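Everything numeric in this text was worked out from a predicted model, so none of it was measured. Note that the numbering runs from 1 along the sequence shown for the chain.
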Amino acid sequence: MVSKNYDWEHGAKLEDHTRKKHEILRRYFREYLITRCKFPQQEKFRLAIIDGFSGAGLYECGSYGSPLIFVDVLINTAVEINTERYNQGLKPLVIECLLQLNDRDTNALEQLKESLSPLVIEAESSPHVQLKAEYHSSDFQEIYPTIKRRLKEARYSNVFFNLDQCGYKHAPTSLIRDIVASWKSAEVILTFMIKTILTFLSPNSTTNQVPLEPDIQKDINLLLSGQDNLMSKQEWLARAEKVVFEALKNCATFVSPFAINNPDGWQYWLMHFANNHRARQVYNNVLHQCDAQAHYGRAGLHMLSYDPANEGKLYLFDANSRDASKNDLYDDIPRFIAEAGDALSMHEFYEAAYSETPAHSEDIHEMIIENEDIEVITDSGGSRRKPNAIKPTDTLKLKVQPTFFPLFKKGG
């Protein structure tokens with residue numbers, strides 16, 4: 001199975017797909033920390049970060065690799081969080097972080113220790129960060145039980161796994177499912193080359209243990225047919241995304257199955273796994289800040305349920321995509337409520353809707369308020385009038401005499 005090895009000794013080149021991945025990782029990890037450290041009464045947050053394929057930490061251009069990104073963001077975001085807390089008259093908060101770094105290349109690991117050292121020293125001098133870094137040199141599947149036991153013994157419930165393997169065989173579905181199921185709050189960022197997972201999932205593979213529908217197997221065969229000229233076409237992305245989502249959707253409640261955007265060919269996939277809708281909500285919002293990923297399908301709810309003959313479009317998480325998303329959401333949301341009866345809580349809506357949507361949370365809230373078939377009712381029985389005022393405890397309800405939303409689209 002094809003995988004890619006970096007020449008860390010002579011300075012690894014920072015490729016475009018890696019740069020885009022790092023931008024998402026940097027932005028999302030910052031939002032992750034801010035979201036998890038927002039409670040006024042909170043004075044400590046404990047988490048473990050596991051970088052399963054860490055590399056040497058620095059690229060030939062001087063750009064940070066993922067281990068250094070994690071520590072850099074940790075230090076700066078801890079200052080940001082505590083500055084805000086000080087302005088609010090709240091007690092300071094300390095982030096306790098256990099960093100587990102693994103790479104089977106021992107030379108890369110030694111370079112990582114050296115390149116990470118200045119940031120570790122900076123973290124040690126911070127009153128807001130307690131950081132401990134531990135290093136491993138092994139195949140990730142082999143070291144994972146040791147890391148898991150270490151985290152369990154230390155009673156970490158918040159774990160963040162970064163698995164940037166380029167290939168696929170070193171972090172299969174069984175391992176991802178175990179990660180997500182083993183901790184109260186676990187998130188996984190998974191990067192791989194699309195051809196490696198297609199080869200793994202192929203009907204001819206002797207290692208594949210993922211049962212797939214016959215139609216999906218046909219798509220896999222077509223994608224592996226050697227027609228490389230298809231890779232830059234939207235049809236290829238559409239088929240590949242459906243295959244990836246079908247194969248990995250059972251690894252977690254919320255699975256983000258998007259490719260790293262490259263108009264010359266969608267070769268690398270960057271996926272996010274979590275069991276909390278809030279994590280997927282924040283991740284979706286971050287993607288709209290970066291324009292670094294690509295989706296093909298619907299822009300509203302049920303993003304992969306579409307008729308290829310007359311539906312489906314390229315969604316690049318940009319302004320045009322958000323406009324398309326609003327158009328789909330305007331029709332999708334009242335239908336979604338109607339499928340539940342005539343009302344459901346916002347929390348229930350989030351739990352169901354975020355399992356399959358690329359939409360930004362602001363666009364979802366805006367279309368809820370704008371839609372003339374929906375009312376948002378507060379706990380006290382009042383009505384919400386502004387999108388940014390919607391709370392998870394509110395109730396979405398269809399109005400007594402709805403318009404013909406099943407028949408007509410917005411503006412139609």
Does this structure show an ion pair linking Arg26 with Asp72, if we count only N-O contacts that are shorter than 4.0 Å?
yes
In this structure, CG of Asn285 is separated from CZ of Arg280 (nearest 0.5 Å) by 11.0 Å
Basic-acidic side-chain contact under 4.0 Å: Arg322, Asp318:
no
Can a salt bridge be assigned to the pair Arg150 and Glu153 using a cut-off of 4.0 Å between side-chain N and carboxylate O?
no
Can you see which heavy atom on Leu112 is nearest to which on Gly57, and at what distance?
CD1-CA, 3.8 Å
Heavy-atom closest contact (Phe245 atom, Pro257 atom, distance):
CD1-CG, 3.6 Å
Measure centre to centre between the rings of Tyr59 and His22, then say whether the value is under 6.0 Å.
yes
Any side-chain donor-acceptor pair under 3.5 Å between His136 and Gln100?
yes
Specify the closest pair of heavy atoms between Ser185 and Arg36, including all atoms of both residues, with the distance to one decimal.
OG-NH1, 2.9 Å
Checking ring pair (Phe, Tyr, Trp, His ring centres under 6.0 Å) between Phe160 and each of Phe45, Trp183, Tyr32, Phe273, which is the one that passes?
Tyr32
Tabulate below the donor-acceptor pairs under 3.5 Å that side-chain atoms of residues 343-351 make, not counting sequence neighbours, or state none.
| from | atom 1 | to | atom 2 | distance (Å) |
| --- | --- | --- | --- | --- |
| Ser345 | OG | Glu348 | N | 3.0 |
| Ser345 | OG | Glu348 | OE1 | 3.4 |
| Glu348 | OE1 | Ser345 | N | 2.9 |
| Tyr350 | OH | His365 | NE2 | 2.6 |
| Glu351 | OE2 | His277 | ND1 | 2.9 |

Whether Lys391 and Asp394 form a salt bridge (side-chain N of Lys/Arg under 4.0 Å from carboxylate O of Asp/Glu) is what I want to check.
no
Got a salt bridge between Arg46 and Glu96, using NZ or NE/NH1/NH2 to carboxylate O under 4.0 Å?
yes
Rounded to the nearest 0.5 Å, what separates atom OG in Ser321 from atom NE2 in His360?
12.5 Å
Minimum heavy-atom separation for Ala359 to Asn284, with atom names?
O-ND2, 3.2 Å
